[in-house]
Colleague: 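Encoded as structure tokens, here's the structure I'll be asking about.
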Amino acid sequence: MAAAFHHGTETIRIDGGSNPVYTVDGAITAIVGTAPAGAVNELTVCQTKKDFAQFGTQTGQGFTLPDAAHIFTRYGSGIAYVVNVCDPDKHKTMVQGEALAVDADTLTARTAHIALQAGYTVRDGGAELGEGADYTIDAAAGGIVFKTKPDNPTIDYTYTDPAKVTEADILGGFQAATGKRTGLELLTEGFNRFGADAKIIIVPEYDQTAACAAAMIVLAEKLHAVAYINAPKGTGLSQAMEGRGPNGSINFNTSSDRAQLFYPHVTGLLGTEALATHAAGLRMKTDVENGYWFSISNRELLGVTGVETGLTARADDPQSETNRLNEKGITTVFNSYGTGYRMWGNRLACFPTVSHIKNFETAQRTGDLIDESIRRAELQYIDRPIDDALLDSLVETVRTYLGTLRSIVGFNVGLDYDYDLADSFSKGQVPIVYDYTPKLPAERITNTSVMTRKYLANLVSGN
């Protein structure tokens with residue numbers, strides 16, 4: 001507060017002009033699934049294989065997070081918000097008297113399941129063996145090493161069982177008794193806890209049900225994200241396309257601009273792999289190396305050796321099966337001569353119902369990141385007096401930011417004169433309007449080939 005009386009000079013510093021806007025991080029994928037180890041219903045940030053290792057490293061054992069991590073980390077970019085919903089106290093199964101096959105050379109045996117919990121008992125015939133004295137055990141991997149060869153070894157144990165996880169566990173919710181969120185609902189805490197929301201959502205395996213896919217879309221709407229949804233394993237080509245309509249029997253019956261649909265599964269290092277999980281890793285790699293406005297289409301998939309369902313693919317054949325899928329709003333795999341296995345498709349599930357350019361995934365994500373970046377920058381203007389300085393600084397802040405973006409081809413910004421500005425200002429409201437045109441993928445290149453006789457004249461003039 002200024003002094004009532006001051007005989008001399010002073011300086012009052014005012015922060016004038018516009019302020020910089022920083023683009024929010026879009027290279028964040030949310031992965032909800034099951035793991036044999038690690039925190040349960042906690043939001044965990046993972047980036048490297050070392051980070052994901054806390055949720056177990058054994059793949060192909062029915063747990064979805066280790067498999068997803070194996071695929072996601074191949075692309076080496078972005079970060080993941082990981083939620084494990086498999087609770088050892090709740091999701092478990094007891095096994096009695098499982099016979100163990102012992103290798104005569106190494107004296108090793110392996111249980112039928114991994115993730116053994118405390119309380120196992122190993123016997124040889126009717127005699128109980130002592131851990132340490134008679135054998136050692138890797139409970140996480142289900143591996144046993146005997147000191148001497150047993151005659152008739154068996155084991156009683158309880159293991160963490162991912163098959164006991166229900167769709168309700170995946171969807172989660174808010175638990176009034178504990179004050180905690182679980183499952184998909186836990187992802188709403190991303191911004192307050194880590195300063196950014198996930199922009200891609202995957203739920204490997206469980207996304208194959210209509211209910212889970214719908215819940216993913218609801219969450220994507222809330223977070224301004226995109227849900228990557230895979231068709232179920234074993235889906236045929238006709239079934240995938242029919243799934244877009246009212247008679248479909250799979251999880252593709254949506255026209256959401258917050259979902260991208262993927263078909264088929266691919267085969268790779270782990271056997272059958274979800275294309276949607278590959279898409280998430282590829283999206284992160286593309287964001288980091290090129291920018292969020294670059295499409296993931298026509299980019300090679302890593303560690304993929306085949307597709308579950310063979311598809312005809314030619315860039316110059318509109319009747320090819322890959323093109324037929326794309327025209328139904330389904331992203332697929334392109335494999336033609338010399339191309340390798342490539343992601344193929346740019347459109348969200350709102351296509352072909354919605355013809356607006358937002359049906360391009362890159363356009364939707366460009367809008368999401370621009371809008372959120374501007375909203376965040378505007379926080380510093382909230383509750384300041386409405387005057388010319390505020391209005392000029394606010395408009396110029398947005399204008400300067402849009403002018404720096406490589407993801408758009410043009411823009412305009414100013415006060416929104418569709419409002420009664422005097423009335424808005426009297427209510428403490430400052431209406432800003434900006435428009436822009438995002439860069440769109442060159443999905444179709446058209447050549448016009450004209451055969452003509454006019455150049456025969458060159459033969460005459462040359463003699």
Colleague: Could you check whether any side-chain heavy atom of Y135 comes within less than 4.5 Å of a side-chain heavy atom of E131, counting everything from C-beta outward?
Modeller: yes
Colleague: Begin from the C-alpha positions of K199 and D287 and carry the test salt bridge (charged side-chain N to carboxylate O under 4.0 Å, His left out) through to its verdict.
Modeller: CA-CA 11 Å; K199 292 304 180 186; D287 274 18; over 6 Å; no
Colleague: Under 30°, 30 to 60°, or over 60°: which ring-plane class applies to Y159 and Y157, parallel, tilted or perpendicular?
Modeller: tilted
Colleague: So, for P153 and V102, which heavy atoms are closest and what is the spacing to 0.1 Å?
Modeller: CG-CG2, 3.6 Å
Colleague: Closer than 4.0 angstrom, basic N to acidic O: yes or no for R244 and E327?
Modeller: no
Colleague: Sub-3.5 Å donor-acceptor pair from the side chain of T437 to the main-chain atoms of G410, do we have one?
Modeller: no
Colleague: Using side-chain heavy atoms (C-beta onward) and a distance below 4.5 Å, is Q239 in contact with I250?
Modeller: yes
Colleague: Looking at CG of L282 and CD1 of I200, how far apart are the two atoms once the value is rounded to the nearest 0.5 Å?
Modeller: 11.0 Å
Colleague: Testing the 3.5 Å rule here: is there a donor-acceptor pair between the side chains of D161 and T93?
Modeller: yes
Colleague: Under a 3.5 Å cutoff, is there a donor and acceptor pairing between the side chains of Y401 and N19?
Modeller: no
Colleague: Within 45 degrees of the ring normal and closer than 6.0 Å to the centroid, is that where the cationic atom of R283 sits relative to Y228?
Modeller: no
Colleague: Could you verify whether a donor N or O on one side chain and an acceptor N or O on the other, from Y381 and S393, lie under 3.5 Å apart?
Modeller: yes
Colleague: Quick check for you: to the nearest 0.5 Å, what is the distance between E185 atom CD and E189 atom CD?
Modeller: 8.5 Å
Colleague: Write down the atom of V32, the atom of L65, and the distance for their closest heavy-atom approach.
Modeller: C-CD2, 4.3 Å
Colleague: Begin from the C-alpha positions of E396 and R399 and carry the test salt bridge (charged side-chain N to carboxylate O under 4.0 Å, His left out) through to its verdict.
Modeller: CA-CA 5 Å; E396 191 59 32; R399 178 180 291 116; 2.9 Å; yes
Colleague: Would you compute the distance between atom CG of N298 and atom CD1 of I296 and round it to the nearest 0.5 angstrom?
Modeller: 11.5 Å
Colleague: Would you say CZ of R193 has more than 12 non-hydrogen atoms from neighbouring residues, nucleotides or ligands within 6.0 angstrom?
Modeller: yes
Colleague: Can E361 and R347 be counted as an ion pair, charged N to O under 4.0 angstrom?
Modeller: no
Colleague: Using distance alone, with no hydrogens and no angle criterion, decide if Q117 and T158 have a side-chain donor and acceptor under 3.5 Å apart.
Modeller: no
Colleague: Can you confirm whether the side chains of H91 and D169 place a donor and an acceptor under 3.5 Å from each other?
Modeller: yes
Colleague: Any luck finding a side-chain donor-acceptor pair between K222 and T188 under 3.5 Å?
Modeller: no
Colleague: Examine F194 together with Y81 and report whether their ring centres are nearer than 6.0 Å.
Modeller: yes
Colleague: Do you see a donor-acceptor pair shorter than 3.5 Å between the side chains of D156 and T121?
Modeller: no
Colleague: Can you find a heavy atom in the side chain of P264 that is under 4.5 Å from one in the side chain of T332?
Modeller: yes
Colleague: Inspect the contact between R123 and E98 and indicate whether a charged nitrogen and a carboxylate oxygen are less than 4.0 angstrom apart.
Modeller: no
Colleague: Determine whether the side chains of T267 and E273 contain a donor N or O and an acceptor N or O closer than 3.5 Å.
Modeller: no
Colleague: Is there a side-chain contact between Y434 and L402, using heavy atoms and a 4.5 Å cut-off?
Modeller: yes
Colleague: Is the closest basic N to carboxylate O distance between K358 and D368 below 4.0 Å?
Modeller: no
Colleague: Examine the side chains of T48 and D51 and answer whether a donor and an acceptor come within less than 3.5 Å of each other.
Modeller: yes
Colleague: With sequence neighbours excluded, give me every salt bridge (charged side-chain N to carboxylate O under 4.0 Å, His left out) pair touching residues 54-67.
Modeller: none
Colleague: Enter the distance from Q61:CD to H113:NE2 here, rounded to the nearest 0.5 Å.
Modeller: 9.5 Å
Colleague: To check you understand the geometry: which heavy-atom pair defines the closest contact between L171 and A215, and what is its length?
Modeller: CD2-CB, 3.4 Å
Colleague: Within this structure, what is the OG1-OH distance for the pair T322 and Y263, rounded to the nearest 0.5 Å?
Modeller: 12.0 Å
Colleague: Does a side-chain heavy-atom distance below 4.5 Å link I370 with L405?
Modeller: yes
Colleague: Can you confirm whether the side chains of T362 and Y292 place a donor and an acceptor under 3.5 Å from each other?
Modeller: no
